[in-house]
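Each chain gets a letter, A, B and so on, in the order its sequence line appears, and its residues count up from 1.
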There are 2 protein chains.
Amino acid sequence: MPWSDTPPSRPLRRDAERNLQRILATARRVFAARGLGATLDDIAAAAGVGVGTVYRRFPNKKALLKALFGNKIRELVEIAQEALQQPSGWQGLCFFLERAHAVQAQDRGLRQMLMCDRDEGDQASQTQRELGPLVADLIRRAQAEGALRSDLTATDIPLIAVMISGIMDQCSAVKPELWRRYLTIILDGLRATRDAATPLTVDPLTEEQIERVMGQGAPCAGHGDRGAKTDTTSRP
Amino acid sequence: MPWSDTPPSRPLRRDAERNLQRILATARRVFAARGLGATLDDIAAAAGVGVGTVYRRFPNKKALLKALFGNKIRELVEIAQEALQQPSGWQGLCFFLERAHAVQAQDRGLRQMLMCDRDEGDQASQTQRELGPLVADLIRRAQAEGALRSDLTATDIPLIAVMISGIMDQCSAVKPELWRRYLTIILDGLRATRDAATPLTVDPLTEEQIERVMGQGAPCAGHGDRGAKTDTTSRP
DNA sequence: ATTAAGCGGAGGTGGCACCTCCGCTTGGTT
DNA sequence: AACCAAGCGGAGGTGCCACCTCCGCTTAAT
């Protein structure tokens with residue numbers, strides 16, 4: 001299964017198979033916790049194997065990522081399909097946003113994958129093309145009922161995901177479920193009309209927690225990403 | 001003024017003064033456009049001077065940043081004060097969120113500064129401590145009127161900023177004013193009750209634009225930040 | 001017992017940001 | 001006009017870190 005899709009040339013030796021599984025499991029865990037920036041060296045160490053062992057199974061980091069995230073993204077399509085079964089369009093939309101973000105909440109690497117790391121023909125963007133029509137349908141239905149504000153479009157959904165992801169990235173270490181609080185607020189903003197606000201079931205961050213999240217020593221280590229050098233106004 | 005706060009040891013030579021101003025102006029522009037990750041080498045080149053010239057005026061990058069962002073952050077305090085003058089609490093809150101984010105929209109570096117790069121006693125976190133009570137007041141007033149949902153707290157404000165910043169970071173190159181669309185939605189989510197949804201005055205991204213924003217080749221270059229190596233559960 | 005498959009992890013490679021240093025240039029002064 | 005300290009440029013030093021390779025040793029399988 002790894003190492004491109006060459007047919008099962010021959011079964012691996014038992015220890016090798018065990019190591020492979022260890023690597024996959026550890027990689028999932030590490031990328032989920034630390035994001036795609038985690039190095040294969042880190043993963044090897046965490047899995048208790050040498051780097052060489054990782055590189056024998058996967059020619060490079062990208063190949064490992066592909067192996068890991070291939071199906072994960074299909075999950076979103078399944079959630080959208082299940083959402084379309086919901087009794088009302090509005091419920092369907094809520095269901096989708098809730099579940100899709102719950103999946104992303106577990107996995108920082110997946111978030112980065114969805115936000116920006118796609119490259120051309122891989123499953124990621126392909127699956128996302130499948131997702132598009134389903135989401136458009138969810139929106140259409142909810143609007144037809146008059147429940148969803150009429151000026152919302154399909155392209156708003158990924159940008160809602162961008163907002164919620166921001167919360168997760170900043171806060172998951174301190175309060176992993178906090179994103180639900182803000183999704184509730186956003187959903188209240190999406191309703192065409194409503195009376196009372198939906199009660200927030202997740203408590204806000206305390207002053208002390210917010211200090212920890214925004215304060216000194218937070219991520220951005222070394223100022224992280226240094227901004228595209230290539231000008232952002234034109235594209236080849 | 002630069003180089004710590006030693007008294008005006010002696011006026012600079014005319015050409016040196018000109019270069020200093022060039023450096024400051026360019027640094028503002030570059031950090032605003034590319035974020036704090038921009039290098040002093042980049043800034044020097046953009047300003048048409050050598051790196052050495054930059055380092056003669058500022059001992060290191062941090063010093064330059066301090067010189068640039070000192071006042072910028074006070075601006076937010078002033079906005080909050082002006083917001084407290086508004087006729088209603090709700091209008092005040094809207095005014096504050098609108099204006100405060102408008103300032104951040106112009107400046108990616110400022111955003112990063114506010115989100116995470118503070119270190120202990122500098123003006124940034126100090127000013128932010130000033131901001132706290134003002135924001136708390138804005139919220140109290142808007143709730144007293146019954147306009148703002150009663151379960152919102154002061155710590156929600158910076159997290160709304162996190163969400164909106166996410167939009168700006170992803171989209172400012174493609175559609176700089178897009179954040180207003182999502183702020184409108186969030187504000188509609190913050191109202192205690194409402195009838196119709198506030199019309200969105202900013203158009204959504206087109207399919208083609210969203211492709212450009214999320215698609216292949218986006219930021220995250222090299223996967224940027226590689227996730228705290230130090231465990232996030234304890235702090236010394 | 002034999003042997004190919006597998007293993008580990010030191011180290012090579014490349015890239016990048018921060019900053020220093022020193023020989024040349026130039027504004028200001030006398 | 002002549003002098004010289006202040007200023008300048010930018011090549012290059014330093015440190016760091018991620019990716020990946022290589023080869024002598026170990027071990028499962030026959």
Side-chain angles (χ1 to χ4, degrees), chain A residues 2-3 6 8-23 26-27 30-31 34-66 109 112 117 220-230, chain B residues 2-3 6 8-23 26-27 30-31 34-66 109 112 117 220-230:
Chain A
W3 196 255
T6 51
S9 53
R10 206 189 348 173
L12 290 170
R13 234 165 65 174
R14 187 134 50 246
D15 57 341
E17 178 64 30
R18 185 174 43 76
N19 279 336
L20 173 57
Q21 295 309 325
R22 258 225 270 265
I23 288 166
T26 308
V30 172
F31 285 132
R34 308 228 315 257
L36 304 183
T39 71
L40 291 208
D41 296 58
D42 291 337
I43 287 163
V49 303
V51 237
T53 304
V54 177
Y55 280 98
R56 199 165 316 98
R57 296 289 158 244
F58 303 93
N60 54 46
K61 191 171 164 178
K62 239 180 168 169
L64 174 57
L65 288 174
K66 204 168 169 178
Q112 292 179 325
D117 277 305
C220 291
H223 302 157
D225 128 47
R226 73 195 44 82
K229 226 146 223 168
T230 59
Chain B
W3 196 254
T6 50
S9 54
R10 207 193 342 176
L12 289 171
R13 233 166 67 174
R14 187 137 47 245
D15 57 342
E17 180 61 32
R18 186 172 43 78
N19 279 337
L20 173 58
Q21 295 310 326
R22 256 226 271 266
I23 289 166
T26 307
V30 172
F31 284 131
R34 308 229 315 256
L36 303 182
T39 71
L40 292 209
D41 296 58
D42 292 335
I43 286 163
V49 302
V51 237
T53 306
V54 177
Y55 280 99
R56 201 166 314 102
R57 299 288 157 244
F58 303 93
N60 54 46
K61 192 171 161 177
K62 241 183 166 164
L64 174 57
L65 288 174
K66 205 168 167 177
Q112 292 179 327
D117 276 306
C220 290
H223 302 159
D225 128 48
R226 73 196 43 82
K229 227 145 221 165
T230 59

Separation of D/dT26 atom C1' from A/Arg18 atom CZ, nearest Å, is 13 Å
Scanning both residues in full, the closest heavy-atom pair of A/Ala46 with A/Val30 reads CB-CG2, 4.2 Å
Atom CD1 of A/Ile43 and atom P of C/dG9 are separated, to the nearest Å, by 17 Å
From CD1 of A/Ile23 across to P of C/dG9 the rounded distance in Å is 13 Å
Whole-Å distance, B/Glu17 CD to C/dG28 P, equals 11 Å
Here the distance between atom C1' of C/dC7 and atom CZ of A/Arg14, to the nearest Å, is 17 Å
Whole-Å distance, B/Asp42 CG to D/dG10 P, equals 15 Å
Subject >> Student check: side-chain heavy atoms of A/Arg57 and A/Asn19 closer than 4.5 Å >> reply: no
Original post:
Within a strict 4.5 Å, meaning less than it, do heavy atoms of the A/Gln21 and A/Glu17 side chains meet?
Top reply: yes
Between A/Ile23 and A/Phe58, does the side-chain contact (heavy atoms from CB on, under 4.5 Å) criterion hold? Intermediate values first, please. CA-CA 10 Å; A/Ile23 288 166; A/Phe58 303 93; 4.3 Å; yes
Among D/dG9, C/dC7, D/dA11, the one nearest any side-chain atom of B/Val51 is D/dA11
Atom CG of B/Asp41 and atom C1' of D/dA11 are separated, to the nearest Å, by 11 Å
Closest to the side chain of A/Asp15, out of D/dA28, D/dC20, D/dC8, is D/dA28
Any side-chain N or O of B/Arg57 below 4.0 angstrom from OP1/OP2 of D/dC8? yes
TODO: Identify whether any heavy atom of B/Asn19 sits under 4.0 Å from a base atom; if not, whether one sits that close to sugar-phosphate; answer base, sugar-phosphate or nothing.
DONE: sugar-phosphate
Here the distance between atom P of C/dT26 and atom CZ of B/Arg56, to the nearest Å, is 14 Å
Q) Within the structure shown, what part of the strands sits under 4.0 Å from A/Arg13 by heavy-atom distance: base, sugar-phosphate, or nothing? A) base
Closest of D/dT21, D/dG7, C/dC19 to the B/Lys61 side chain is C/dC19
Worksheet item: Do the side chains of A/Phe31 and A/Leu64 get nearer than 4.5 Å, heavy atoms only?
Response: yes
Judged by nearest nucleotide, the residue sitting upstream toward the 5' end of DNA chain C, B/Leu12 or B/Leu40, is B/Leu40
